[in-house]
Amino acid sequence: MALEHSSATPPTHAIDFEAVGSTYFQERELKKGAAGWVLLVGLGVAYVISGDYAGWNFGLAQGGWGGLFIATLLMATMYLCMCFSLAELSSMIPTAGGGYGFARSAFGPLGGFLTGTAILIEYAIAPAAIAVFIGAYCESLFGIGGWAIYLAFYVIFISIHIFGVGEALKLMFVITAIAALALGVFIVAMVPHFSVDKLLDIAPTTAAGASSFLPYGYVGIWAAIPYAIWFFLAVEGVPLAAEETKNPQRDMPRGLIGAMLILAAFAGLILLVGPGGAGSSTMVESGNPLVEALTTAYGSSTWMSGFVNLVGLAGLIASFFSIIYAYSRQIFALSRAGYLPRKLSLTNKNKAPVLALVVPGIIGFVLSLTGQGDLLILVAVFGATISYVLMMASHIALRLRRPDMHRPYKTPGGVLTSGVALVLACIAVVAGFLVDPRVVIAAVVIYGIFIAYFAFYSRHHLVAGTPEEEFAAIENAEATLK
C-alpha cells in the first residue's frame with residue numbers, strides 16, 4: 001500500500017495515510033436507507049430510556065432531591081444545547097463516525113481519535129451498567145439474576161444485530177414504545193401520592209449550604225451531576241446512524257431534537273413524581289427504583305408495580321440493545337479509518353460489523369460481573385463528558401474557521417448555544433471525581449492506553465478515502481482556493 005503524508009498536520013506530529021483498493025470499502029459497507037427520522041427519534045429515546053428506570057436515583061444519595069433537581073436542570077440544558085449543535089454538525093458531515101467525524105474535520109486526525117475513543121469508552125461501558133440493572137429487574141421478576149442473565153442478554157442481542165440493522169432498529173422501536181407506555185403508567189399512578197414533604201425527607205448534613213432542599217449542601221449539586229446525566233446519556237449517539245439514514249440532512253436534526261424533547265419531559269416528570277410519591281430516602285440505593293416507589297406508595301405490590309416491573313425490563317433492554325448498535329458503529333468508523341485494528345470494521349452479508357459487535361460485548365460482559373452499576377455509570381459518564389467537550393469545541397471551531405461551509409440545518413444561537421453546552425460539559429467532567437476519584441482515574445488510564453496506541457502505531461497507518469477523510473480533504477481544498 002502506498003503511503004501518503006498528511007500535509008494538514010505539522011511534521012512533528014506526522015500522520016501517514018495508506019491508499020487502499022476498492023475491495024477494502026466493499027468489505028466495510030453498512031446498509032443504506034435503513035432508517036427515517038421517526039426511527040431516529042426512537043433510536044435516540046431507546047439509547048436513554050433505561051436511565052429513567054434505574055441509575056438516576058443514585059444521585060439522591062449524592063445531592064438529595066434538591067441537588068439532583070438542580071443538576072438535572074443543568075444537564076438538560078447542556079444536552080438540549082448540544083443536540084441543537086450536533087443537529088448542525090450531523091447534517092454537514094453525515095458519516096458513521098458521528099462525533100469522531102466532526103472533530104476530525106475541526107481538529108485533524110488526533111482530535112478525531114480523541115473524540116471517537118472517548119465516545120467508545122462511554123458506549124462500551126454503558127451496556128455493562130445496564131446489564132447489572134437488567135439483572136436486578138430479572139431477580140425481582142423471576143428470582144434469577146447475576147452472570148447468567150448478563151451473558152444471555154449479551155448473546156441474544158448481539159446476535160440480533162448481526163442478523164441485520166433494519167430488523168434490529170424496528171424491533172428496538174417497538175420495545176421502546178412499550179417502555180415509554182410503562183413510564184406513562186408509573187407517572188399517572190404516582191400523582192395521587194405526591195407530597196412535597198416526601199421530596200425533602202433526607203435529613204440535612206453539616207455540609208456548607210445544607211438544608212432540607214439541599215441536604216448535602218452546595219457540593220451535592222455537583223456530585224449529583226453524573227447521575228443527572230443518566231437521564232440523557234447517549235442521545236448524542238443518533239448521528240452514528242447517519243450512513244444508514246434515508247436523508248441525513250433532513251432526518252438527523254429531526255431525530256436528535258425530537259428525541260431530546262421527549263427525554264426531557266420524562267426526566268422532569270419521573271424526578272418529580274417518583275421521590276414525591278414514595279420519598280427520596282426510599283429510592284437512594286434501589287436497583288429497581290420505579291417498582292420500589294410504587295410498592296412503597298401503595299403499601300404492597302399491585303398490578304401497576306407488576307406491569308412497570310415487567311415492562312421496565314423492556315426499557316432496560318431497549319437501551320442495552322441500542323447502545324450495542326452505537327458502540328459497533330463507533331468502532332466500525334474508527335477501524336475503517338485505521339485508528340483501531342482494521343479487522344474490526346469487516347461486515348457480513350447483512351452489512352453488520354460482526355467483530356465490532358462481539359469484541360466490546362465480551363469486554364462489557366466481564367465488566368458487568370463486578371455488579372457495580374453505579375460505578376460503571378461513572379466510567380461511562382467520564383467518556384461521555386470528554387466527548388461532549390470536544391464535540392462542542394468542534395462546532396465552535398467550524399463556525400469560526402469555516403463559516404461558508406454548507407449547513408443544511410443551523411443551530412439556533414450559533415456558537416452561543418454550543419458554548420453553553422461546552423461550559424456545562426467541562427463542569428460535568430470534574431463532577432465524577434467528587435463521587436469516586438478512583439473510578440474516574442481508572443477511566444483516565446484506559447483513555448491513556450488508547451492515546452498511546454494512536455501515538456505509537458495507528459497514526460502511521462490511517463486509511464485514505466474514508467468518508468471522514470474525504471470531507472476533510474474537500475474542506476482543505478476549498479479553504480486553499482479562497
Side-chain angles (χ1 to χ4, degrees), residues 24-31 34 43 46-47 50 96-98 100 113 116-135 146-172 175 234 237 240-241 243-244 316-370 376 379-380 383 446-447 449-450 453 457-458 463 466:
Y24 180 86
F25 293 107
Q26 290 172 2
E27 295 170 342
R28 293 164 173 83
E29 290 181 343
L30 298 173
K31 187 175 181 179
L43 178 62
Y47 281 145
S50 67
Y100 141 64
F113 180 81
T117 48
I119 295 170
L120 183 55
I121 290 172
E122 171 193 358
Y123 289 150
I125 301 298
I130 295 169
V132 173
F133 300 137
I134 288 174
W147 70 268
I149 293 296
Y150 308 156
L151 180 61
F153 275 84
Y154 266 108
V155 170
I156 291 169
F157 290 104
I158 287 175
S159 298
I160 292 172
H161 278 293
I162 290 173
F163 183 71
V165 64
E167 294 76 10
L169 288 178
K170 289 170 185 173
L171 177 59
M172 173 277 303
I175 295 172
L240 293 169
E243 290 184 32
E244 294 156 284
L316 293 168
I317 289 170
S319 291
F320 183 78
F321 191 27
S322 56
I323 296 177
I324 287 174
Y325 169 85
Y327 76 55
S328 70
R329 269 47 184 182
Q330 188 64 73
I331 290 178
F332 169 82
L334 289 169
S335 168
R336 181 178 62 181
Y339 292 94
L340 295 178
R342 297 179 188 177
K343 287 186 178 181
L344 293 173
S345 56
L346 289 170
T347 53
N348 63 9
K349 64 180 181 179
N350 298 316
K351 306 301 182 184
V354 177
L355 289 178
L357 287 160
V358 172
V359 173
I362 294 172
I363 295 170
F365 168 68
V366 171
L367 290 173
S368 71
L369 297 178
T370 65
L376 290 170
V379 180
I446 295 170
Y447 197 33
I449 292 171
F450 275 119
Y453 177 78
Y457 182 78
S458 68
V463 175
T466 63

Note to self: Once rounded to the nearest 0.5 Å, what's the spacing between atom CD1 of Ile156 and atom CG of Leu151?
What the structure shows: 9.0 Å
Notebook entry, point to check: How long is the span from the CG atom in Leu340 to the CG atom in Leu334, to the nearest 0.5 Å?
Noted result: 5.0 Å
Give the table of side-chain donor-acceptor pairs shorter than 3.5 Å for residues 316-324, with sequence neighbours excluded, one pair per line with atom names and distance.
| unit_1 | atom_1 | unit_2 | atom_2 | d |
| --- | --- | --- | --- | --- |
| Ser319 | OG | Ala46 | O | 2.6 |
| Ser319 | OG | Tyr47 | O | 3.1 |
| Ser319 | OG | Ile49 | N | 3.2 |
| Ser319 | OG | Ser50 | N | 2.8 |
| Ser319 | OG | Ser50 | OG | 3.1 |
| Ser322 | OG | Ala46 | O | 3.3 |
| Ser322 | OG | Tyr47 | N | 3.2 |
| Ser322 | OG | Ala318 | O | 2.8 |
| Ser322 | OG | Ser319 | O | 3.2 |

Check: Roughly how far, to the nearest 0.5 Å, is CZ of Phe450 from OG of Ser458?
Finding: 10.5 Å
Notebook entry, point to check: Looking only at heavy atoms, what is the nearest atom pair of Ala128 and Ser368, with distance?
Noted result: O-CB, 3.8 Å
Check: Minimum heavy-atom separation for Tyr123 to Gly237, with atom names?
Finding: OH-CA, 2.9 Å
Next item on the list: Measure the acute angle between the ring planes of Phe153 and Phe157, then classify it against the limits of 30° and 60° as parallel, tilted or perpendicular.
Entry: parallel
Checklist line | Note, Thr347 side chain near Phe332 side chain (heavy atom, < 4.5 Å) | finding: yes
Check: Which heavy-atom pair separates Ser335 from Arg342 by the least distance, and what is that distance?
Finding: OG-O, 3.1 Å
Check: Got a second to check how far Ile446's CD1 is from Leu120's CG, nearest 0.5 Å?
Finding: 10.5 Å
Checklist line | Distance, nearest 0.5 Å, that separates CG of Leu367 from CD1 of Ile362 | finding: 12.0 Å
Next item on the list: Give the minimum heavy-atom separation between Ile119 and Gln330, together with the two atoms involved.
Entry: CG2-OE1, 3.3 Å
Item checked: For the student: nearest non-hydrogen atoms of Arg329 and Lys351, plus distance -> NH2-O, 4.4 Å
Check: Which atoms form the tightest heavy-atom contact between Ala337 and Tyr100, and what is the distance?
Finding: CB-OH, 3.2 Å
Check: Got a sec, which residues hit ring-ring contact (aromatic ring centres under 6.0 Å, His included) with Tyr150, two or more places apart in sequence or on another chain?
Finding: none
Margin query: Test your reading of the model: is there a side-chain donor-acceptor pair from Asn348 to the backbone of Val354, 3.5 Å cut-off?
Written below: no
